[in-house]
Amino acid sequence: MPKVVFVSNYFNHHQAPFTRAMDQLTEHQFTFVETAPMDTERKQMGWGQESKPGYVFQAYEREAQAKAKNMILEADAVIWGSCPFDLIKPRLKAKKLTFAYSERLFKEGKSGLAYWGRVMKYKLKLGRYQYPDHYLLCASAYAAGDYNSIGLFKGRTLKWGYFPELKEYDISDLMSRKLSAITTGWKHPKASILWAGRLIGWKHPDASIKAAYELKKKGYSFQLDIIGNGEMEQQLKQMIQEMDLSDCVKMLGAMSPVQVREHMERADIFLFTSDQNEGWGAVLNESMNSGCVVIANQVIGSVPYLVKDGENGLTYYSDIDLLKQIENVIVNPESFMKLGQNAYSTIKEEWNSFIAAQRLLLLIENNVEGQRWESGPVSLA
């Protein structure tokens, strides 16, 4: 079995399923090198509560980093994400099989000083290490375009992402938990709408409240729950009060990942309203796995990979489109059931940690050549 090392900043629950699958499939020839402690903001969101598995190696201090550098150099394959570049540089110089792991580069757009600064940074850092066995795992549908636009990883970009825990359900039982099924048996449903994430500007939680205001004016029966905390919390509470939405919009505060999943299992609709600053967005995987109808902004990194509009979810570009899509789901409960079921199948059958680990190892064992998939993890980006 190949010896594989994954290097990133800190271990978290989103990485646990993929790394666990890698450890199992390599027969314990796998190491996750953690280069920094988890930040306070993530801990306040309920992250980092689980114990770390034995394959996690903490490389915070100089002596541990020296050991990690040897692990990285000697491995059969290395995946590297957010980490000190000096740890990776010796392996890149040796031109060994390596997979860079990245979201999109230009979240702020392709103009201005910020753009040119990042162009120079990545051209200088990676330009000299463009060899045939250095690939890009694209944790965003927009990553390949961003890197290719500055001459990096052309012809060597693969679809990737984040792979939260796959939960397997009896699909009929899962759909029967939804509020629309419980209250009305899908006829003239009271829709359960969920938003979850950090309450910050570029995630646009206010878009869900504005949509709720329009839905209430039109007389729809619904309940919107907002999970999370952050700098916009007081602003959102004031919006709910001023718009007279207290009877149908509830702010539930921060919750653990387990609690968020429980709410997803009961929700009919999940709103994913971030802009292009959302590199991936693991809540998309989780809400689809929970049988929700996801209504997601097309510019989010994970959306073009996971959502086929009208088949397993819905996408939008403007607040007007967002409102129309919510209305379409509320008034067409049969379509809602089909979209939620298809969303669940997408995660169960293709976009999950075990499929990703299995495919990546096949590439590693065959030195990448001869292994190609039409869609899903490790297909061409």
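- At a threshold of 4.5 Å between non-hydrogen side-chain atoms, the residues F11 and Y55 count as touching.
- Cluster annotation: L339 and I269 are assigned to the same hydrophobic cluster (Ile/Leu/Val/Met/Phe/Trp/Tyr, side-chain heavy-atom contacts under 4.5 Å, transitive).
- Judged as a ring pair (Phe, Tyr, Trp, His ring centres under 6.0 Å), and not counting sequence neighbours, F272 has no contacts.
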Please tabulate, one pair per line, all N/O donor-acceptor pairs under 3.5 Å involving side-chain atoms of residues 63-76, not counting sequence neighbours.
{"from": "Q65", "atom 1": "NE2", "to": "A59", "atom 2": "O", "distance (Å)": "3.4"}
{"from": "D76", "atom 1": "OD2", "to": "K3", "atom 2": "N", "distance (Å)": "2.6"}

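- Residues L236 and D206 are in side-chain contact: their nearest non-hydrogen atoms beyond the backbone lie under 4.5 Å apart.
- The shortest distance between side-chain heavy atoms of E327 and I330 does not fall below 4.5 Å.
- Contact annotation: the side chain of V283 approaches that of M264 to within less than 4.5 Å [non-hydrogen atoms, C-beta and beyond].
- With a 4.5 Å cut-off on side-chain heavy atoms, S345 and N312 do not count as touching.
- At least one side-chain heavy atom of I226 sits less than 4.5 Å from a side-chain heavy atom of S208.
- Ring pair F106/Y115 is perpendicular by interplanar angle, where above 60° counts as perpendicular and below 30° as parallel.
- Across all non-hydrogen atoms, the minimal contact from I347 to N289 is CG1-N, 3.8 Å.
- In the hydrophobic cluster analysis, where Ile, Leu, Val, Met, Phe, Trp and Tyr join through side-chain heavy atoms closer than 4.5 angstrom, V5 is grouped together with L92.
- Note on ring orientation: taking the six-membered ring where Trp is involved, the planes of H134 and Y131 are parallel (angle under 30°, cut-offs 30° and 60°).
- Under the 4.5 Å side-chain contact rule for hydrophobic residues, L271 and I320 do not share a cluster.
- Looking at R359, its side chain does come within 3.5 Å of a backbone N or O of P377 through a donor-acceptor pair.
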For a quick test of your reading: what N or O donor-acceptor pairs under 3.5 Å do the side chains of residues 243-254 make, sequence neighbours left out?
{"from": "D247", "atom 1": "OD1", "to": "K216", "atom 2": "NZ", "distance (Å)": "3.0"}
{"from": "D247", "atom 1": "OD2", "to": "K216", "atom 2": "NZ", "distance (Å)": "3.4"}
{"from": "K250", "atom 1": "NZ", "to": "S246", "atom 2": "O", "distance (Å)": "2.7"}

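- One finds the OG atom of S375 at 7.0 Å from the NZ atom of K159 (value rounded to the nearest 0.5 Å).
- Residue I79 comes nearest to Y101 through the heavy atom pair CG2-CB, 4.0 Å, listed as atom of the first residue, atom of the second, then distance.
- Taking hydrophobic clusters as Ile, Leu, Val, Met, Phe, Trp and Tyr residues chained together by side-chain heavy-atom distances below 4.5 Å, F6 does not share a cluster with V33.
- The side-chain heavy atoms of E262 and M255, taken from C-beta on, include no pair separated by under 4.5 Å.
- Using cut-offs of 30° and 60° on the angle between ring planes, the pair F85 and W80 is tilted.
- Using modelled atom types, one side-chain atom of Y344 and one backbone atom of Y169 make a donor-acceptor pair closer than 3.5 Å.
- Between N328 and N332, the shortest heavy-atom distance links the atoms O-ND2, 2.9 Å.
- Between the side chain of K178 and the main chain of A267, a donor-acceptor pair closer than 3.5 Å is present.
- Side chain of N352 to backbone of K348: a donor-acceptor contact under 3.5 angstrom is found.
- Atoms CE and CZ, from M232 and R198 in turn, are 13.0 Å apart once rounded to the nearest 0.5 Å.
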Check the pair L136, S102 against side chain to side chain contact (heavy atoms under 4.5 Å, CB included), reporting the backbone distance first and the verdict last. CA-CA 7 Å; L136 179 67; S102 178; 3.9 Å; yes

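- Between the side chain of Q15 and the backbone N or O of N12 there is at least one donor-acceptor pair closer than 3.5 Å.
- Screening V78, V4, D133, L158 against F99 for a side-chain contact (heavy atoms from CB on, under 4.5 Å) leaves a single residue, L158.
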Give the C-alpha distance, both sets of side-chain angles, the deciding distance and a yes or no for side chain to side chain contact (heavy atoms under 4.5 Å, CB included) between F30 and M1. CA-CA 10 Å; F30 174 78; M1 284 294 158; over 6 Å; no

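- Residue pairs that meet the ring-ring contact (aromatic ring centres under 6.0 Å, His included) test with at least one member in residues 312-334, sequence neighbours left out, do not exist here.
- Formation of a donor-acceptor pair under 3.5 Å by the T273 side chain with backbone atoms of K203 is found in this model.
- The nearest pair of heavy atoms linking L284 to S287 is O-OG, 3.2 Å.
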After noting the C-alpha distance and the side-chain angles of K210 and M239, does the key distance pass the side chain to side chain contact (heavy atoms under 4.5 Å, CB included) rule? CA-CA 9 Å; K210 291 172 184 175; M239 284 179 67; 4.0 Å; yes

Would you mind writing out the side-chain donor-acceptor pairs for residues 118-130 within the sub-3.5 Å range, not counting sequence neighbours?
{"from": "R118", "atom 1": "NE", "to": "L105", "atom 2": "O", "distance (Å)": "2.7"}
{"from": "R118", "atom 1": "NH2", "to": "L105", "atom 2": "O", "distance (Å)": "3.4"}
{"from": "K123", "atom 1": "NZ", "to": "I150", "atom 2": "O", "distance (Å)": "3.1"}
{"from": "R128", "atom 1": "NH2", "to": "L124", "atom 2": "O", "distance (Å)": "3.3"}
{"from": "Q130", "atom 1": "OE1", "to": "F153", "atom 2": "N", "distance (Å)": "2.9"}
{"from": "Q130", "atom 1": "OE1", "to": "R156", "atom 2": "NH2", "distance (Å)": "3.1"}
{"from": "Q130", "atom 1": "NE2", "to": "L126", "atom 2": "O", "distance (Å)": "3.0"}

Determine whether D275 and K107 satisfy the following criterion, salt bridge (Lys or Arg N to Asp or Glu O under 4.0 Å), listing intermediate values before the conclusion. CA-CA 9 Å; D275 60 31; K107 295 177 181 179; over 6 Å; no

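- Y220 and F336 fall within the same hydrophobic cluster, where Ile, Leu, Val, Met, Phe, Trp and Tyr residues are linked whenever their side-chain heavy atoms come under 4.5 Å apart, directly or through other members.
- Atom CD in E365 sits 10.0 Å away from atom CG in L360 (nearest 0.5 Å).
- Centroid-to-centroid, the aromatic rings of W160 and F18 come within less than 6.0 Å.
- The two residues V7 and I88 come nearest to each other via the heavy atoms CG2-CD1, 4.2 Å.
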Let me have the donor-acceptor pairs involving side chains of residues 297-308, under 3.5 Å, with sequence neighbours excluded, atom names and distances please.
{"from": "N297", "atom 1": "OD1", "to": "V299", "atom 2": "N", "distance (Å)": "3.3"}
{"from": "N297", "atom 1": "ND2", "to": "S274", "atom 2": "O", "distance (Å)": "3.1"}
{"from": "Q298", "atom 1": "OE1", "to": "T315", "atom 2": "OG1", "distance (Å)": "3.3"}
{"from": "S302", "atom 1": "OG", "to": "W280", "atom 2": "O", "distance (Å)": "2.8"}
{"from": "Y305", "atom 1": "OH", "to": "S140", "atom 2": "O", "distance (Å)": "3.3"}

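- Nearest heavy-atom pair across A211 and L323 is O-CD1, 3.8 Å.
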Yes or no on side chain to side chain contact (heavy atoms under 4.5 Å, CB included) for L322 and K324, after CA distance, side-chain angles and deciding distance? CA-CA 5 Å; L322 171 61; K324 287 179 180 177; over 6 Å; no

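- For K89 and D86, the salt-bridge test passes: some basic side-chain N is under 4.0 Å from an acidic carboxylate O.
- For the pair Y213 and E242, the minimum side-chain heavy-atom distance is 4.5 Å or more.
- Here the CE atom belonging to M175 is positioned 13.0 Å from the NZ atom belonging to K338, to the nearest 0.5 angstrom.
- Side-chain N or O atoms of Q29 include none that pairs as donor or acceptor with a backbone N or O of T26 at under 3.5 Å.
- The main-chain N or O of N9 is never found under 3.5 Å from a side-chain atom of S82 such that the two would form a donor-acceptor pair.
- Within the model, atoms CD of E265 and CG of L194 stand 11.5 Å from one another, a figure rounded to the nearest 0.5 Å.
- With rounding to the nearest 0.5 angstrom, the OG atom of S192 is 13.5 Å from the CZ atom of R177.
- Between E165 and R261 no salt bridge is recorded (no basic side-chain N to carboxylate O distance below 4.0 Å).
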